[in-house]
> 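After the C-alpha cells below, expect a handful of questions from me.
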Amino acid sequence: MNKLILIVFFAVKPILSFAQKNIDSLKQLKQNANLAYPQLYKENSELSYTSPFGEIGAPTKYVVNGKLTTSYMVLASKALPIAFSVNPEFTVRVRNEKSAGVRTPSFKLGGTLYFRFSKNIEHYSYAELSFTHHSNGQDGSAILADGAINTLNGNFSTNYLTTNYRFGHYTDKLLNGDYYGLHHKIGLQWHKWFAYEPALAGDFGFTRINYDISFRVYQNPENDIEKEKWRINGSISYAINSLTNYQFFASEKRLNAELSVNYSFPFMQNVFLMATFGYYGEDPYNIYFNDKYAYARFGISSTFSRWKLKKT
C-alpha cells in the first residue's frame, strides 16, 4: 500500500508542478500586461503643441497657439485589467492685436476608464469610456442682440461621453533596423445627455463618429538610444446629428479632418518638430464653433513617447 502511495505521489507530482507553473506563468503574463498597458494608454494620448501663428488660414489671426494635455494614471494596478486616468486639457489662442488677448481659453477636464482585451502588448486592443467637461470660462450671453454668436466673451459649455475602441501592433524591423507601430482608434462622441449652452442647439455636432490612425517609427534599439522619431497622425470626425440648414452629407459643416507629421531630431527627447494640415467644418475652440476653414499649423509637439537608453 505504501509503495502504491509513493508511485502515485511521484506520478502526480510532475503533473501538479507543471500545472502550477502554467498557472503562475499565466498569472505573471496577466500581471505584466496589466503593468504594460498603462504606458500604452499614455503613449496613445493626444499631442500637446506650441505653434507660432497658430491655425494659419483661420478667420482670426494669431500670434501663437498652444495646447497642453496629460494623463494622470490614478488607477494602474498589476492585479487588474482596468485602469483609470484624469485628463486635463488647456488650449489657448493668442490673438494678433494690440493687447495680444486670449479672449476665450478652452478648458477640458475629464476622466477615462480603460479595459484591455488582449494580453499581447505587441498586438494590443482595448476600450475607453470617457466623460469630459468643456468650457471657456466666460459668462457673457452666447448670442448677441442681432442673433450672431458672441465670440468676444460668450459663454460656452458642454459635457459629453466618448467611447473608443483602440487596436494596433508593432512590427518587426524595417530598413536600417528601425521598427514601427500602426495604431487605430474608432469612437463615438455624444453630448445631449448632459447640460450644455442652449445656443449650441441646431448648430453644433452633438454626436460625432471619430476615426484616428497613427503611424510611428521607432529608432533601432541596437543604437545607444531607443526612441520614437516619427509620428504621422490622421483623424476624421463627422457630425451625424441633425443640424439647422445642413443636410446629412453637408461635409463643409459636419467634417473635421487633420493630418499631422511629427519628427524628432536625434538631439530631441519626447519632442517633435510638427507640421499639421486640416479642415474644420466646426472649429473645436469652444465658442468659435461656427467657423469653417482649412488651416496649417507649425511648431513643436510632445506626448508620452518611447524613449530609453540601451541596456548594457
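In this text the structure is predicted, and so the values were computed from the model without any measurement.
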> Mind running ring pair (Phe, Tyr, Trp, His ring centres under 6.0 Å) on Tyr41 and Tyr126 for me, showing each step along the way?
CA-CA 9 Å; Tyr41 302 151; Tyr126 64 92; 4.6 Å; yes
> Do Tyr160 and Lys108 touch side chain to side chain, with heavy atoms closer than 4.5 Å?
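They are in contact (side-chain heavy atoms under 4.5 Å apart), so the answer is yes.
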> Answer yes if the ring centres of Phe131 and Phe194 are under 6.0 angstrom apart, and no otherwise.
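Yes, ring centres under 6.0 Å apart.
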> In this structure, which one of Ser260, Ser214, Ser301 forms a side chain to side chain donor-acceptor pair (under 3.5 Å) with Asn233?
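Exactly one pass, corresponding to Ser214.
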> Measure the shortest side-chain to side-chain distance between Glu128 and Phe115 over non-hydrogen atoms and say whether it is less than 4.5 angstrom.
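In short, these two side chains do not touch, never coming nearer than 4.5 Å.
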> Which pair of heavy atoms, one from Leu152 and one from Asn150, lies closest together, and at what distance?
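Heavy-atom minimum between the residues: N-OD1, 3.1 Å.
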> Check whether Asn286 reaches the backbone of Asn136 with its side chain - one donor and one acceptor, N or O, closer than 3.5 Å.
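Checking the backbone N and O of Asn136 against the side chain of Asn286, no donor-acceptor pair under 3.5 Å is found.
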> Between Ser85 and Tyr72, is any pair of side-chain heavy atoms under 4.5 Å apart?
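They are not in contact (no side-chain heavy atoms under 4.5 Å apart), so the answer is no.
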> Determine yes or no for a side-chain-to-main-chain donor-acceptor pair under 3.5 angstrom, with Tyr124 supplying the side chain and Phe117 the backbone.
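No: the side chain of Tyr124 does not pair with the backbone of Phe117.
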> Got a donor-acceptor contact below 3.5 angstrom from the Thr132 side chain to the Gly110 backbone?
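No, the answer is negative, given that no donor and acceptor are paired below the 3.5 Å cut-off.
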> Could you check whether Lys192 makes a cation-pi contact with Phe206, meaning its NZ or CZ is under 6.0 Å from the centre of the six-membered ring and within 45° of the ring axis?
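Yes, Lys192 and Phe206 form such a contact.
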> I'd like to know if the side chain of Asn155 and the backbone of Ser141 have a donor-acceptor N/O pair within less than 3.5 Å.
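Judged by distance alone, no pair lies under 3.5 Å.
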> For the residue pair Phe267 and Phe265, does the interplanar ring angle fall in the parallel (under 30°), tilted (30 to 60°) or perpendicular (over 60°) class?
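Phe267 and Phe265: parallel rings.
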> Just by distance, with hydrogens left out, do Asn164 and Tyr114 show a side-chain donor and acceptor under 3.5 Å apart?
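Note: Asn164 and Tyr114 side chains miss the donor-acceptor criterion.
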> Given the rule in the ring pair (Phe, Tyr, Trp, His ring centres under 6.0 Å) test, do His191 and Tyr196 qualify, once you have shown the distances and angles that lead to the verdict?
CA-CA 8 Å; His191 297 244; Tyr196 58 89; 8.4 Å; no
> Scan the side chains in residues 54-64 for donor-acceptor partners under 3.5 Å anywhere in the protein, sequence neighbours excluded, and list what turns up.
unit_1	atom_1	unit_2	atom_2	d
Glu55	OE1	Asn65	ND2	2.5
Glu55	OE2	Arg297	NE	3.0
Glu55	OE2	Arg297	NH2	2.7

> Could you check whether Glu43 pairs with Arg216 (Lys NZ or Arg NE/NH1/NH2 to Asp/Glu carboxylate O, under 4.0 Å)?
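A salt bridge links Glu43 with Arg216.
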> Which word best sums up how the rings of Phe215 and Tyr180 line up, parallel for under 30°, tilted for 30 to 60°, or perpendicular for over 60°?
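Geometry flag for Tyr180 against Phe215: tilted rings.
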> Assess the residue pair Asp283 and Phe289 against the criterion (side chain to side chain contact (heavy atoms under 4.5 Å, CB included)); give the C-alpha distance rounded to whole Å, side-chain angles, the decisive distance to 0.1 Å, and a yes or no.
CA-CA 5 Å; Asp283 191 337; Phe289 63 91; 5.8 Å; no
> I'd like to know if Arg208 and Glu282 make a salt bridge, using a cut-off of under 4.0 Å between side-chain N and carboxylate O.
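Yes, this pair counts.
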> Considering only NZ, NE, NH1 and NH2 on the basic side and carboxylate oxygens on the acidic side, decide whether Asp212 and Arg166 come within less than 4.0 Å.
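So Asp212 does not pair with Arg166 through a salt bridge.
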> Taking the side chain as every heavy atom from C-beta outward, state whether Phe156 and His134 have any pair of such atoms under 4.5 Å apart.
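Counting from C-beta outward, Phe156 and His134 do come under 4.5 Å.
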> Does the pair Tyr288 and Tyr280 meet the rule for a ring pair (Phe, Tyr, Trp, His ring centres under 6.0 Å), with working shown?
CA-CA 11 Å; Tyr288 290 83; Tyr280 288 145; over 10 Å; no
> Would Thr276 and Glu258 count as a side chain to side chain contact (heavy atoms under 4.5 Å, CB included) here? Give the steps.
CA-CA 7 Å; Thr276 300; Glu258 183 175 283; 3.4 Å; yes
> Side-chain donor-acceptor pair under 3.5 Å between His123 and Tyr170, yes or no?
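There is no such pair between these side chains.
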> Could you tell me if Gln138 and Asn153 have a donor-acceptor pair between their side chains, going purely by distance under 3.5 Å?
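No donor-acceptor contact under 3.5 Å links the two side chains.
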> Is the OH atom of Tyr238 crowded by more than 12 outside heavy atoms at less than 6.0 Å?
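For Tyr238, atom OH is crowded (more than 12 foreign heavy atoms under 6.0 Å).
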> Sub-3.5 Å donor-acceptor pair from the side chain of Gln247 to the main-chain atoms of Phe249, do we have one?
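No, Gln247 side chain to Phe249 backbone: no donor-acceptor pair under 3.5 Å.
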> Any side-chain heavy-atom pair from Pro88 and Thr70 closer than 4.5 angstrom?
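Of all side-chain heavy-atom pairs linking Thr70 with Pro88, at least one is under 4.5 Å.
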> Run the side chain to side chain contact (heavy atoms under 4.5 Å, CB included) test on Thr112 and Phe84 for me, step by step, so that the C-alpha distance in whole Å, both residues' side-chain angles and the decisive distance to 0.1 Å come before the verdict.
CA-CA 6 Å; Thr112 300; Phe84 180 77; 5.8 Å; no
> So, do Arg116 and Ser118 sit near enough that their side-chain heavy atoms are less than 4.5 Å apart?
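Of all side-chain heavy-atom pairs linking Ser118 with Arg116, none is under 4.5 Å.
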> Below 4.5 Å, heavy atoms only, C-beta onward: do Leu182 and Ile213 meet side chain to side chain?
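When only atoms from C-beta onward are counted, Ile213 and Leu182 do touch, with a gap below 4.5 Å.
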> Classify the side-chain pair Thr69/Ser48 by whether it contains a donor and acceptor separated by less than 3.5 Å.
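The criterion, which ignores hydrogens and geometry beyond distance, is not satisfied for Ser48 and Thr69.
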> For residues Leu243 and Arg254, determine if any side-chain heavy atom of one lies less than 4.5 Å from a side-chain heavy atom of the other.
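Counting from C-beta outward, Leu243 and Arg254 do come under 4.5 Å.
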